[in-house]
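Quick note: numbers below take in every heavy atom, side chains included, and nothing from hydrogens, waters or symmetry partners.
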Amino acid sequence: MSPQYSLRSLLLVILAAFSANASNWLYLAKLSSVGSISEEETCEKLKGLIQRQVQMCKRNLEVMDSVRRGAQLAIEECQYQFRNRRWNCSTLDTLPVFGKVVTQGTREAAFVYAISSAGVAFAVTRACSSGELEKCGCDGTVHGVSPQGFQWSGCSDNIAYGVAFSQSFVDVRERSKGASSSRALMNLHNNEAGRKAILNNMRVECKCHGVSGSCEVKTCWKAMPPFRKVGNMLKEKFDGATEVEQRKIGSTKVLVPKNSQFKPHTDEDLVYLDSSPDFCDHDLKNGVLGTSGRQCNKTSKAIDGCELMCCGRGFHTDEVEVVERCSCKFHWCCFVKCKQCHRVVEMHTCR
Ligand SMILES: *[C@@H]1O[C@H](CO)[C@@H](O)[C@H](O)[C@H]1NC(C)=O
Ligand SMILES: *[C@@H]1O[C@H](CO)[C@@H](O)[C@H](O)[C@H]1NC(C)=O
């Protein structure tokens, strides 16, 4: 290890230690398996948990692997939704996982908190339905024959359990501080907005039974939307997020839109307190990677276009050869035969 490298690590560790606001439990996503969380003492060793989360971990060992999967789902979805933006949701191998961007009350932080609490609710609910957990199963309260005449299968997604677990595990960081700072209120609001994105979009899925799919008998269950859909909805909320400030109404503190001409945000909207940096330049201290080396689109005028993505620094162009399947023919019966085509495409990269 070079002296420079170790200094950098030390700096990051110190930075991490001071960033008390970060949703540090997301560090669980970096573990390959929490099947390894099979003993209570493992909970003590998990990085990024606060004391009350360690206690929850001990009481809910079997659920912790779902928490880890929820964190991974959230990170993957964040990276998908932000793949064409300057801040691309890349993670660091340090705490906080997303860098300092989320320790400030930015829009990006709002999205990260929402998608993370949604990720935990989603993964825990999934584990309940699939019978992996002793503490929960399907939602048995939805049963019998529906007014529309179909039969409930008795195995609806137990979203109430997943949401309640996410509320206690994810929100505890804010609640333990009394939820009085504007930042705590922001986090709690966005955590809840993330869970609402699942709760308010539950759907009914059905299966037909009967002679050759005649659907004489139909059984249905309530199911969560696919996580991609949750990500799409929260990305829309990110685009329309409301800038807020704290106001005291009576003895309670609330967040209200900074611009009083805007209509108040709803439970499902994302809110933020601080404007974001431009994410243009490499800034280690603030955990910003910068856009140098990012691919951009020469013809797009949007944020993925080279002009905006490269922040006016310019870009260079390489020719790369891509190999594709082409001239595919269907042969009776039943296979498809394709040729391999080589095509040269231009690839643009920010300076
Ligand atoms: C995000 O961008 C950085 C450069 O700014 C790049 O190194 C990284 O691979 C990208 N991450 C993802 C997930 O696309
Ligand atoms: C680049 O942007 C243009 C215009 O928005 C779009 O039509 C095209 O598909 C994009 N190209 C790539 C490789 O994403």
Side-chain angles (χ1 to χ4, degrees), residues 23 25-26 28-29 34 56 60 62-82 89 110-148 150-171 187-208 218-239 266-270:
S23 43
W25 59 271
L26 285 171
L28 290 180
V34 193
M56 273 199 80
N60 300 278
E62 61 158 14
V63 189
M64 292 310 289
D65 201 46
S66 302
V67 175
R68 178 187 65 87
R69 249 180 291 151
Q72 277 173 346
L73 263 180
I75 290 174
E76 279 165 24
E77 189 57 30
C78 182
Q79 292 183 342
Y80 171 80
Q81 295 293 340
F82 285 79
C89 203
F111 182 87
V112 164
Y113 276 73
I115 197 81
S116 309
S117 70
V120 170
F122 189 93
V124 171
T125 302
R126 210 6 83 76
C128 293
S129 304
S130 65
E132 281 171 43
L133 305 177
E134 262 172 42
K135 286 192 193 230
C136 63
C138 300
D139 181 357
T141 63
V142 188
H143 58 84
V145 178
S146 78
Q148 293 86 357
F150 58 75
Q151 179 75 36
W152 287 110
S153 79
C155 193
S156 288
D157 275 336
N158 197 343
I159 187 62
Y161 188 91
V163 161
F165 189 88
S166 168
Q167 277 167 340
S168 21
F169 186 83
V170 181
D171 291 4
N187 293 347
L188 287 172
H189 177 94
N190 293 323
N191 287 350
E192 195 57 33
R195 293 183 288 256
K196 285 273 179 345
I198 305 178
L199 262 176
N200 295 346
N201 291 284
M202 295 293 286
R203 46 165 102 192
V204 174
E205 288 178 359
C206 298
K207 204 179 203 166
C208 284
K218 199 156 89 165
T219 51
C220 305
W221 59 93
K222 286 194 179 162
M224 295 184 290
F227 203 64
R228 174 58 30 89
K229 187 151 182 250
V230 176
N232 292 343
M233 283 183 292
L234 290 176
K235 176 60 173 28
E236 268 174 40
K237 297 295 184 189
F238 169 90
D239 292 329
T266 68
D267 287 355
E268 295 165 54
D269 293 325
L270 298 187

S.K.: Is there a side-chain contact between M224 and R126 in this structure, where contact means two heavy atoms from C-beta onward sitting under 4.5 Å apart?
M.R.: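 Yes - at least one pair of side-chain heavy atoms lies under 4.5 Å apart.
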
S.K.: How close do L73 and F122 get, heavy atom to heavy atom, and via which atoms?
M.R.: CD1-CD2, 3.6 Å

S.K.: Counting only heavy atoms not in Q148, do more than 12 sit closer than 6.0 Å to its CD atom?
M.R.: yes

S.K.: Which residues satisfy the side chain to side chain contact (heavy atoms under 4.5 Å, CB included) test with S153, sequence neighbours excluded?
M.R.: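 With neighbours one apart ignored, the set is C155, T219, W221.
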
S.K.: For side-chain contact (heavy atoms from CB on, under 4.5 Å), just list the numbers for D139 and D157, CA-CA rounded to whole Å, side-chain angles, deciding distance to a tenth of an Å, and then say yes or no.
M.R.: CA-CA 6 Å; D139 181 357; D157 275 336; over 6 Å; no

S.K.: Are Y113 and H189 packed together at the side-chain level, in the sense that at least one heavy-atom pair is separated by less than 4.5 angstrom?
M.R.: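 A side-chain contact under 4.5 Å is absent here.
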
S.K.: Is it the case that over 12 heavy atoms from other parts of the model lie below 6.0 angstrom from the NZ atom of K218?
M.R.: no

S.K.: Tell me the closest heavy-atom pair linking A127 and S66, and the distance in Å.
M.R.: CB-OG, 3.4 Å

S.K.: Of the options N200, D267, D171, which is the one that meets R195 in a side chain to side chain contact (heavy atoms under 4.5 Å, CB included)?
M.R.: D171

S.K.: Hey, are T125 and N158 close enough side-chain-wise for a donor-acceptor pair under 3.5 Å?
M.R.: no

S.K.: Report yes or no: is the SG-SG distance between C138 and C128 under 2.5 Å?
M.R.: no

S.K.: Considering all heavy atoms of both residues, which atom of D269 and which atom of K237 are nearest to each other, and what is their separation?
M.R.: OD1-NZ, 3.2 Å

S.K.: Using only atom types and a distance under 3.5 Å, with no angle test, would you say the side chain of Q151 pairs donor to acceptor with the backbone of C220?
M.R.: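 No, the answer is negative, given that no donor and acceptor are paired below the 3.5 Å cut-off.
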
S.K.: Taking all non-hydrogen atoms of both residues, which atom of V142 and which atom of S156 are closest, and how far apart?
M.R.: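 Reported closest heavy-atom pair: CB-OG, 3.9 Å.
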
S.K.: As an exercise, state the distance from CZ of F111 to CG of L270, rounded to the nearest 0.5 Å.
M.R.: 8.0 Å

S.K.: Where do W152 and K222 land on the side-chain contact (heavy atoms from CB on, under 4.5 Å) test, with the steps shown first?
M.R.: CA-CA 9 Å; W152 287 110; K222 286 194 179 162; 3.9 Å; yes

S.K.: Identify the residue among V67, I198, V120 that makes a side chain to side chain contact (heavy atoms under 4.5 Å, CB included) with S166.
M.R.: V120

S.K.: To the nearest 0.5 Å, what is the distance between CE on M233 and CZ on R228?
M.R.: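 So the CE of M233 and the CZ of R228 are separated by 12.0 Å.
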
S.K.: Ignoring hydrogens and geometry beyond distance, is a side-chain donor-acceptor pair present between Q167 and N191 at under 3.5 Å?
M.R.: no

S.K.: Examine the side chains of E268 and T266 and answer whether a donor and an acceptor come within less than 3.5 Å of each other.
M.R.: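 Per modelled atom types, E268 and T266 side chains form no pair under 3.5 Å.
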
S.K.: Identify whether the distance between the nearest side-chain nitrogen and carboxylate oxygen of E132 and R69 falls below 4.0 Å.
M.R.: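 Answer for the salt bridge query: yes.
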
S.K.: Please give me the minimum heavy-atom distance between S117 and N190, naming the atom from each residue.
M.R.: OG-O, 4.4 Å

S.K.: Can you tell me how the ring of F169 sits relative to the ring of F165, calling it parallel under 30°, perpendicular over 60° and tilted otherwise?
M.R.: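 Taking F165 first and then F169, their aromatic rings lie parallel (interplane angle under 30°).
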
S.K.: Quick one: do F238 and I115 satisfy side-chain contact (heavy atoms from CB on, under 4.5 Å)? Show the steps, please.
M.R.: CA-CA 11 Å; F238 169 90; I115 197 81; over 6 Å; no

S.K.: Give, for atom CD1 of I159 and atom CE of M202, the distance between the pair rounded to the nearest 0.5 Å.
M.R.: 5.5 Å

S.K.: For Q81 and E77, which I'm curious about, is there any donor-acceptor pair between the side chains at under 3.5 Å?
M.R.: yes

S.K.: What's the shortest heavy-atom distance between V124 and G162, and which atoms?
M.R.: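 Smallest interatomic distance, heavy atoms only, reads CG1-CA, 4.0 Å.
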
